[in-house]
Protein chains: 2
Amino acid sequence: MKNVDQVIRAFRDRGYKVTPQRIAILEVLEGNKTHPSADDIYVSLRRKHPTMSFTTVYNTLETLKELGEIQELTIDQRRLHYDPDITLHHHIMCTQCGHIDDIFADYTQAIQVPEEILRRFHVNGHSVQFYGLCSYCQDHGDA
Amino acid sequence: MKNVDQVIRAFRDRGYKVTPQRIAILEVLEGNKTHPSADDIYVSLRRKHPTMSFTTVYNTLETLKELGEIQELTIDQRRLHYDPDITLHHHIMCTQCGHIDDIFADYTQAIQVPEEILRRFHVNGHSVQFYGLCSYCQDHGDA
DNA sequence: GTCCATGCAAACGATTTGCAGAGTT
DNA sequence: AACTCTGCAAATCGTTTGCATGGAC
């Protein structure tokens, strides 16, 4: 995601309105490396924006996705997470606590799809994710 | 998944009861290459087993997972799919119609996790999946 | 007869939708 | 003023849970 000011400009350019709610959500996302869920974002805004609604969080995330400013992570079957870093990278999630970390590696060349599949599919993308136990959970967890 | 008779034996060995419902679900799964969801299984059984419940489908899938007879696919964010083929392979899903195909390839060596991550995580597994448009949807779809 | 499994209904949790009123342009 | 956005409430949908009855052993 570009910085807040630049995204605001992108909004104006596209005819999207710049509302206090949208700015607040952008501020939460800017430089955010925690891979928040919609709920995480909602909760982190509740104090300063008590009237913020889930609808607005979801709407804004959808808009930012459309603009290509954030990416949706499908690493967690239970809920979607969002990442303002749209450069090519991957993720690992702790199966105990749900913590998600970045993995900066490019596996594009490494995972070639067999010819046979290419004959039957127009491949648009792929997704690689890892699962494990983070340091904390290795020491404290018990599952 | 082993064949129905063998899984029935595995059930008995573990003290799990062999019920008509469980057998029916096993029969749906044996050799099944369609990667059904719980709902798909439920629907395909409704006619011959009108009293079959979702609870039983979910319970049985859970049991089969525990026994390592099937694997749960997380390729579809909307719902879980199940695969009786537990050998190492991957999948591709058509983003239009949801059809899932097998990809028989082993990317284990290809996707090495950076040292830096290994220091912070005990990696237990990974997941690689592809997305695209199947032949049918390339010709007929419009998204 | 014991105990696990089934099936119904209700609960749950993430996400989506309908819509009236509010705010941006 | 026009038109989008917000926020509330309700709906949706896959999955889980509580529990009484039923069936496998």
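Each chain gets a letter, A, B and so on, in the order the sequences are listed, and its residues count up from 1. Atom set for the values below is all heavy atoms of this structure, side chains included, hydrogens, waters and symmetry mates excluded.
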Inset, instruction - May I ask you to verify whether the side chain of A:Thr55 and the base of D:dC5 hold a donor-acceptor pair under 3.5 Å? - result: no

Inset, instruction - Assess the pair A:Tyr82 and A:His35: is the distance between their ring centroids shorter than 6.0 Å? - result: no

Inset, instruction - Could you please name the option among D:dG18, D:dT15, C:dT15 that lies closest to any side-chain atom of A:Ala38? - result: C:dT15

Legend entry - Gap between atoms OH and P, on A:Tyr82 and C:dA14 respectively (whole Å): 12 Å

Legend entry - Under-4.0 Å side-chain N/O to phosphate OP1/OP2 contact, A:Tyr58 with C:dT16: no

Inset, instruction - Using a strict cut-off of less than 4.0 Å between a Lys/Arg side-chain nitrogen and an Asp/Glu carboxylate oxygen, indicate whether A:Arg119 and A:Glu116 qualify as a salt bridge. - result: no

Legend entry - Whole-Å gap separating P (C:dA5) and CD1 (B:Ile23): 14 Å

Inset, instruction - Could you check A:Glu27 against A:Ile23 for side chain to side chain contact (heavy atoms under 4.5 Å, CB included), going step by step and ending with a plain yes or no? - result: CA-CA 6 Å; A:Glu27 285 170 347; A:Ile23 294 174; 3.7 Å; yes

Inset, instruction - Round to a whole Å and report the spacing from CD of A:Glu66 to P of D:dC5. - result: 10 Å

Legend entry - Integer-rounded Å distance: D:dG14 C1' and B:Asp40 CG: 12 Å

Inset, instruction - Check the side chains of A:Arg12 and A:Tyr16 for a donor-acceptor pair under 3.5 angstrom, ignoring hydrogens and angles. - result: no

Legend entry - Gap between atoms CG and P, on A:Asp39 and C:dG13 respectively (whole Å): 11 Å

Inset, instruction - Identify, between B:Arg79 and B:Asn59, the residue whose nearest nucleotide on DNA chain D lies closer to the 5' end. - result: B:Arg79

Inset, instruction - Assess whether atom NZ of B:Lys65 is packed by more than 12 heavy atoms of other residues, nucleotides or ligands within 6.0 Å. - result: yes

Legend entry - Contacting residues from residues 9-22 of chain B, given that a heavy atom lies under 4.0 angstrom of DNA chain C: B:Tyr16, B:Lys17, B:Thr19, B:Gln21, B:Arg22

Inset, instruction - In whole angstrom, give the distance that lies between atom NZ of B:Lys65 and atom P of D:dT15. - result: 10 Å

Inset, instruction - Taking only heavy atoms on the protein side, list every residue of residues 41-52 of chain A lying under 4.0 Å from any atom of DNA chain D, sorted numerically. - result: A:Thr51, A:Met52

Inset, instruction - Classify the side-chain pair B:Gln129/B:Ser127 by whether it contains a donor and acceptor separated by less than 3.5 Å. - result: yes

Legend entry - Under-4.0 Å side-chain N/O to phosphate OP1/OP2 contact, A:Thr56 with D:dG7: yes

Legend entry - Check: A:Thr63/A:Thr60 side-chain N/O donor and acceptor closer than 3.5 Å: no

Inset, instruction - Please say whether more than 12 non-hydrogen atoms of neighbouring residues, nucleotides or ligands are located less than 6.0 Å from NE2 in A:His122. - result: no

Legend entry - Check: B:Asp40/B:Ser37 side-chain N/O donor and acceptor closer than 3.5 Å: yes

Inset, instruction - Please round to 10 degrees the angle between the axis of the first five pairs and the axis of the last five pairs in the helix from C:dG1-D:dC25 to C:dT25-D:dA1. - result: 30°

Inset, instruction - State whether the side chain of B:His140 and the backbone N or O of B:Tyr136 hold a donor-acceptor pair below 3.5 Å, judged by distance alone. - result: yes

Inset, instruction - For A:Leu61 and D:dC5, give me the distance from atom CG to atom P, rounded to whole Å. - result: 15 Å

Legend entry - Separation of C:dG13 P from B:Gln77 CD (nearest whole Å): 18 Å

Legend entry - Aromatic centroids of A:His126 and B:Tyr131 separated by under 6.0 Å: no

Inset, instruction - For A:Ile92 and B:Ile117, run side chain to side chain contact (heavy atoms under 4.5 Å, CB included): C-alpha distance rounded to whole Å, both residues' side-chain angles, the deciding distance at 0.1 Å, then the answer. - result: CA-CA 9 Å; A:Ile92 181 166; B:Ile117 296 292; 4.2 Å; yes

